[in-house]
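In what follows, chains are A, B, ... by sequence order, proteins preceding strands, each numbered from 1.
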Amino acid sequence: MKANIVIVGAGISGVSIAYNLAKKGVKDIVVFDDNYLSGGATGRCGAGIRQQWGTKNNCILAKKSVEFFEIAQEELQYPRDIEFKQEGYLVIATTKEEDLQFVKNVKLQNSLGIPAVVLTPKEAAKIVPHLNLDIVTSATFCPTDGHLNPFTVTDAYYLAAKRLGVKFFYQEKVLNIIVKDNKIIKVITENYEVITNKVVNAAGGYSKEIGDMVGIDIPVYSENHEILVTEPIEKIQGPMVISFSLNIYCQQVPHGSFIMGRSDPNMPQGYNVDASWHFLDEMAKTAVNLLPPIGDLRVIRQWGGLYNLSPDRQPIISDVKELPGFYLACGFSGHGFMFAPMTGLLLSEIILGEKTTVDTTDLHIDRFKNSDFKDYEKSVV
Amino acid sequence: MNKKDVIICRCEDVTLEELHNLMKEGYTSFEEIKRILRVGMGSCQGNTCGQLIQRELANFTNTPINKVVTHKVRPLFAGVKLKSIVKALDDES
Ligand SMILES: Cc1cc2nc3c(=O)[nH]c(=O)nc-3n(C[C@H](O)[C@H](O)[C@H](O)COP(=O)(O)OP(=O)(O)OC[C@H]3O[C@@H](n4cnc5c(N)ncnc54)[C@H](O)[C@@H]3O)c2cc1C
């Protein structure tokens, strides 16, 4: 088989890159994924869409991605529903430091056209009445943040790319990439050999391994992050409620169930995606403390998925100076679902040598050379 | 009986017709179908629909039924209230 471009990984990043390239007229794109449709982080994620970030880069990527999600159902001509719900993110502060930081964040967000506001605890309770106000010191709210169904959005991109001629192979693992004279010449999978000189690494939690195949050291690592879902109930909560200091995000999805997650600071690096009792205990305590009535809901399922973390908690969307033809979309650090429209657009522009829609200097892998990462993203769970 | 009236997944209210339509579109594994129709994601966790869908997939793909992989079993095995978990923790300490 021959291909113009081989994409490794068909998560939300891979399908968006494939779609954007095909839309720009690129032929013979082949995508390999060793799992099912959205079997990686994409199908395991909280699927929250947030523009309230602490770094300029993340704000811009999120805002421009939201603009796409608003028209995605039509643009991708999807027969099912991508369930884009824009009822905001309520970001809860519980300390003085957070109060001050959030005022700064909102200033930055507003300067970039993101309609976030700072709220008193009372104002926050008007939006989410079941908040435990004893522990809330202030909050911020952006009404255009929200949630999407990760399975159907991925399916929508996949179907649209397929209509434009992209070839997808699922359950097909990329085993090696052959480089000769500093040029990619071949991709080897379980059942195929593909002659190509362009490879996109969109392998999520396994992107470092793909880099290793061609001798490029990508400064990312993977870590299990757990999440659970409750039984569905009638609608009681519009926005996602999130707190960095309490370590929780929790939202009710259109289906009616609540999805919630938190990080474990002692989680070792690696590829384990098991569900743990420890998570269930900590999650229950945190959720019932912040949102007491949620305690009445039954947990029906819990699982884990990989964050792929970069040193500054911002993505790597870039070419690689040391190996022409090798492209990266990884290191999303737990927020790559919401950036996917921009991931696909920017990487397609980079691959085709076009002027990029936004400046991508700070998304380039070279930013990590001799850097002390002063400007790293702190607004993460 | 009309396929529209045959419920294949009680938790998520999925009909046999929806299942057959999706299989015709080319989604012929339980994992893919689950992601789109939510079968196996409801409160019974696929204990009811799992075998029914396995049979439908076996017929559609002409595969022996024991070769058709069904859903991944995840914890919890029965729904537990969040506040019961918190109470159990308080009782322990
Ligand atoms: C619990 C949890 C909650 C999250 N919540 C949010 C959220 O609310 N909002 C948000 O924006 N983001 C969230 N994220 C992060 C988000 O899920 C990821 O950033 C995003 O899905 C990454 O997409 P991807 O396509 O880059 O990677 P993935 O979806 O992981 O896709 C990579 C694919 O590559 C395949 N692959 C790997 N190696 C190979 C190989 N050798 N050959 C072939 N295929 C291969 C994998 O099987 C996988 O399917 C969350 C993540 C987790 C785990």
Please flag which part of [X] lies under 4.5 Å from any non-hydrogen atom of chain A: side chain, backbone, both or neither.
X	result
B/Leu89	side chain
B/Tyr27	side chain
B/Ala88	neither
B/Leu22	side chain

Who wins among [options] for the most heavy-atom pairs under 4.5 Å with chain A?
options	value
B/Pro75, B/Gly42, B/Cys44	B/Pro75
B/Val80, B/Ile36, B/Asp90	B/Val80
B/Lys72, B/Arg35, B/Lys83	B/Arg35

### Query
Do you know which of A/Asn289, A/Leu280, A/Thr152 has the most heavy-atom pairs under 4.5 Å to chain B?
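Most heavy-atom pairs within the cutoff with chain B belong to A/Leu280.
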### Task
Could you check which of A/Glu231, A/Lys285, A/Gln302 has the highest count of heavy-atom pairs closer than 4.5 Å to chain B?
A/Gln302
### Summary
On a heavy-atom basis, the closest approach of A/Met260 and B/Leu82 is CE-CD1, 3.8 Å
### Task
Return the minimal non-hydrogen interatomic distance between A/Ser257 and B/Arg38, and the atom names on each side.
OG-NH2, 4.5 Å
Euclidean distance, [Y] [atom2] relative to [X] [atom1], rounded to 0.5 Å:
X	Y	atom1	atom2	value
A/Arg301	B/Arg74	CZ	CZ	7.5 Å
B/Ser84	A/Asp296	OG	CG	8.5 Å
B/Ser43	A/Arg298	OG	CZ	9.5 Å
B/Glu31	A/Tyr170	CD	OH	13.5 Å

### Query
Just wondering, are more than 12 heavy atoms of other shown residues or ligands nearer than 6.0 Å to CZ in B/Arg10?
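No - once you tally the heavy atoms of other residues, nucleotides and ligands closer than 6.0 Å, there are 12 at most.
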### Task
Answer yes or no: is there a side-chain heavy-atom contact under 4.5 Å between B/Ile85 and A/Asp281?
yes
#### Entry: A/His255 and B/Met41, any side-chain heavy atoms less than 4.5 Å apart
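Answer no - side chains too far apart.
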### Which atoms of A/Val299 approach chain B - backbone, side chain, both or neither, heavy atom under 4.5 Å
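For A/Val299, the contact with chain B is made by backbone and side chain together.
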### Task
Give a yes or no on whether a salt bridge exists between B/Glu25 and A/Arg80, defined as a side-chain N under 4.0 angstrom from a carboxylate O.
yes
